[in-house]
Amino acid sequence: MKSQEIRSKFLSFFEEKKHTIVPSAPMVLKDDPTLMFVNSGMAPFKEYFLGNAKPKNNRIADTQKCLRVSGKHNDLEEVGYDTYHHTLFEMLGNWSFGDYFKKEAIAWAWELLTEVYGIDKDILYVTVFEGSEDDKLPMDKEAYDLWKSFISEDRILMGNKKDNFWEMGDQGPCGPCSEIHVDIRSAEEKAKIDGKTLVNADHPQVVEIWNLVFMQYNRKANGSLEALPDKHIDTGMGFERLCMVLQGVQSNYDTDVFTPIIREIETIADKKYGKDDKVDVAIRVISDHVRAVAFSIADGQLPSNTGAGYVIRRILRRAIRYSFTFLDQKEPFIYRLVEVLSEKMGKAFPELKSQKQLIENVIKEEEQSFLRTLDQGLVLLNRIVEESKSDTISGEKAFELYDTFGFPIDLTALILREKGLSLDEAGFHSEMKKQKDRSRAASEMSTDDWTILSDDTHEEFVGYDMLEANVKLTRYRKVVSKKDGEMYQLVFNLTPFYPEGGGQVGDKGYLEDSHGDVVYILDTKKENNVIIHFAKNLPKHINETFKAVVDAKQRYRTECNHTATHLLHQALREILGTHVEQKGSAVHSKYLRFDFSHFSKLTIEELRDVENFVNARIDGKLALQEKRNIPMQQAIDEGAMALFGEKYGDTVRAVRFGQSIELCGGTHVKNTGDIWHFKIVSEGAVAAGIRRIEAITNDAVKDFYFENNRAYFEMKDLLNNAQEPVKALQNLQAENADLKKQIENLLKDKAKNVKGDLKNELTEINGIQFLAKKLDLDASGIKDVSFELGQQYTNLFLLFGTENDGKALLSCYISKELVESKGLNAGTIVRELGKYIQGGGGGQPFFATAGGKNPDGIDEALAAAKKYIE
Ligand code: ATP
Ligand code: MG
């Protein structure tokens, strides 16, 4: 059975069982501080399990793109080495939100596997939760009895808390689960070892394919469990593993999900899969990682230096390392796999097709830049090897390479091995651990349980229409973190505060009660569909009604920038073309930032056209036309554009200003005229094919012009009120260049005189002409003097010090003959003497310089020079 068919059979099976089929949610999560990527099918539905929102149907089925590369579920280091863990994989799932429970979930899973897919029940095992003393939970007898009617009891195995009790995180909904495992070994193997003993034992052919989670408890902050009012079903089946079983192969990589990519790698790299273990691992790593990276870019998450983007960059770099080391690919090549990937999966995931070009560009550029880094790392590593006096390279040095240059440890180890050297790996790991501990300490956090004041969990956002409202606190909790100290999170029955989202920052403001007590709201964020207000302290009278007041000025400036962002988006598509797609947006009160796909730098004319386009619409005083709750399709039909990687509900809000129509939950000015003016302040590249514009509006533009104007008048003033300041400045520049030339010549003359004097000051020590002296020359003067003296001697050792602008410079010259005969090295010497002037430097063995910030140390450095020749 082809993978396409396997996927669609799953969905149609549950559709027949009255499930609504929904598309995969984007992989990158935007409003969940505990999770960066969707790592299981349930993540996009968390708000339903937490009771923060209601699904439109309480039975849902889907296939969800999951990424397990960070946090609680991190399979990254396994990927490639085994044949059944991926970074990105599809999880097929069926859900019941307070609807059916164990009975149906188990019966349907069995029916689908054995009847629809026709899997032989004699290769299946199921597991049941054995109970836990810690949690005072009994064995899951209910599940056991249900399974008994389908499968012989010797194939029902007991599982412990680790494997058979599923938890979303340290807190929140959880419950026992039943896993379904397959044993696809040959009959011969099966006769040798009983399959039962291999379940959950990391055997590549005895693997878990489906997990049925019976969500019936809530884990509280103190670790105790309470029963959930509604019980839920959450199941997840690994699509690639299912394909392996149904296609009768022994590895996920031998299914039609992967073989086309692997064939392409074989062709491009001229290697064969299945001949050499190391090559096989590399091929699996690359074929897996290219999928993860491509899907992520399509979802709008580009590789970058921080957060989710950094995780993606690391995945791609892992693939590059393997191709560099084991497939001998020294040129970018992973981007060339995108073609077959998009061909193969573009039907189920059309974003791979529509964004193919962008994905290729981004991957290619990342490859180029990391290959350069690898090259630089190699040079550095060679230097470390040359300078090292022992056969073992220290963990610290390897860590420095890793941390500063992204140079991977396995590669360092490999290269050292080839040179017959070894690496202090324990030292490396201890450095690594130190760094991890540092960052863990920085992000440590403790979160209390919610204190519930009212059962009303519905929280209405009224901030589109008002900036002030009377609100009641419905729940609160305390969070303590290193970063912010003690903070309170407050939830109200309704709120005028806009929570950070859609690029727009969260509102600030305050709460006031009838006694005049005030609490400041420092930020507002949405977390799993709940609007959370952050405050340094808890209001004194928590049961009162508060007047909640949004900081109107900040909000207004932010709105100017948000509306301008829409107009900018429209302008770019109009002027540059419809290939322009939004790739990121940040709307602050002080500025706006907009990332979009486009292949070249914008010309001055294009930038001017874009500004003019936006300002024309501001001058046109276009009124906001807002439709709050319209069906998605209607909005699309009216011309709105859905963004990839955004999660939309069934009904959406459409925001229109003239011909600009966007799906947007943000807040906007009532009329474009309110923006007053729009000004682009920068344009540049953020990645291959992605440009970034930063712009300002309203008061910020006034400040901008004011500042520029002030600078202009100050400059004019300094130029003695010249009628033509630009010309006056050009004259000054010319004059300045002339003076510089003259000074240079004078210094040269001076150096000549100095040289004559210096010759007389040389002293002979151990057959070496030696001088250490402070000079009143600049760096190039010192260099000239040194080299000129150098031409007259073959046994010269010079150390000069000079002070310039409060900084110190040391310069060491050693005749080449001395370098060779005595093993002296000016580079090492200035580096060592650099400590006196609080600085460092380097250069070549015969000439090197060091700079430092402590001129007072020059004399000491000069005094220390003698020891090198004595
Ligand atoms: P395993 O023990 O094999 O790592 P798991 O217990 O982590 O699996 P779950 O979290 O229960 O798995 O996820 C549900 C299903 O998703 C699994 O039964 C499996 O089929 C699939 N799955 C889990 N992790 C991966 C992965 N890294 N790559 C591919 N499929 C996976
Ligand atoms: Mg796992």
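Order of appearance sets the numbers: ligands from 1, and atoms from 1 within every ligand. Only heavy atoms go into these numbers, but all of them, side chains included; no hydrogens, no water, no symmetry mates.
For ligand 1, the atoms lying closer than 4.0 Å to a non-hydrogen atom of Asp75 are 24 (N), 26 (C), 27 (N).
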What's the verdict on side-chain contact (heavy atoms from CB on, under 4.5 Å) for Ile286 and Phe333, showing C-alpha distance, side-chain angles and the deciding distance?
CA-CA 10 Å; Ile286 297 158; Phe333 99 109; 4.3 Å; yes
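Distance from atom 21 (C) of ligand 1 to its nearest protein heavy atom, with residue and atom name: Gly238 CA, 3.6 Å. Protein heavy atom closest to atom 6 (O) of ligand 1, with residue, atom name and distance, is Glu208 OE1, 3.2 Å. Counting only heavy atoms of the protein, atom 28 (N) of ligand 1 lies nearest to His86 N, 2.8 Å. Scanning all protein heavy atoms for the shortest distance to atom 11 (O) of ligand 1 gives Asn211 ND2, 2.8 Å. If you check which protein heavy atom lies closest to atom 23 (C) of ligand 1, you get Arg68 NH1, 3.4 Å. The shortest contact between atom 15 (C) of ligand 1 and any protein heavy atom is with Gly236 O, 3.5 Å. With hydrogens left out, the protein atom closest to atom 19 (C) of ligand 1 is Arg241 NH1, 3.4 Å, a heavy atom. Residue, atom and distance of the protein heavy atom nearest to atom 4 (O) of ligand 1 are His85 NE2, 2.6 Å.
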List, one per line, each side-chain donor-acceptor pair under 3.5 Å for residues 61-69, sequence neighbours excluded.
from  : atom 1 : to     : atom 2 : distance (Å)
Thr63 : OG1    : Glu90  : OE1    : 2.8
Gln64 : OE1    : Ala25  : N      : 2.8
Gln64 : NE2    : Ser24  : OG     : 3.4
Gln64 : NE2    : Ala25  : O      : 3.0
Lys65 : NZ     : Asp299 : OD1    : 3.4
Lys65 : NZ     : Glu351 : OE2    : 3.0
Arg68 : NE     : Asn39  : O      : 2.8
Arg68 : NH2    : Asn39  : O      : 3.1

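Aromatic ring pairs are classed by plane angle as parallel below 30°, tilted from 30° to 60° and perpendicular above 60°; the pair Phe214 and Phe101 is perpendicular. The aromatic rings of Phe97 and Tyr48 lie perpendicular to each other, with more than 60° between the two planes, well past the 30° mark.
To the nearest 0.5 Å, the span separating CZ on Phe13 from CD on Glu111 amounts to 4.0 Å.
Under the 6.0 Å cut-off for aromatic ring centres, His86 and Tyr253 qualify, their centroids lying closer than that. Two rings, from Tyr100 and His19, have their centers less than 6.0 Å apart. Not less than 6.0 angstrom separates the ring centroid of Phe10 from the ring centroid of Phe239.
The shortest N/O to N/O separation between His73 and ligand 1 does not fall below 3.5 Å. Below 3.5 Å of separation, one finds no N or O of Glu179 facing any N or O of ligand 1.
Proximity of Met91 to ligand 1, defined as any heavy-atom pair under 4.0 Å, is confined to the side chain (atoms from C-beta onward).
The shortest separation from a heavy atom of Ile209 to ligand 1 is under 4.0 Å, placing the residue in contact. Within the structure, the closest approach of Tyr84 to ligand 1 falls below 4.0 Å when heavy atoms are considered.
Side-chain atoms of Lys190 and Gln205 include no donor-acceptor pair closer than 3.5 Å.
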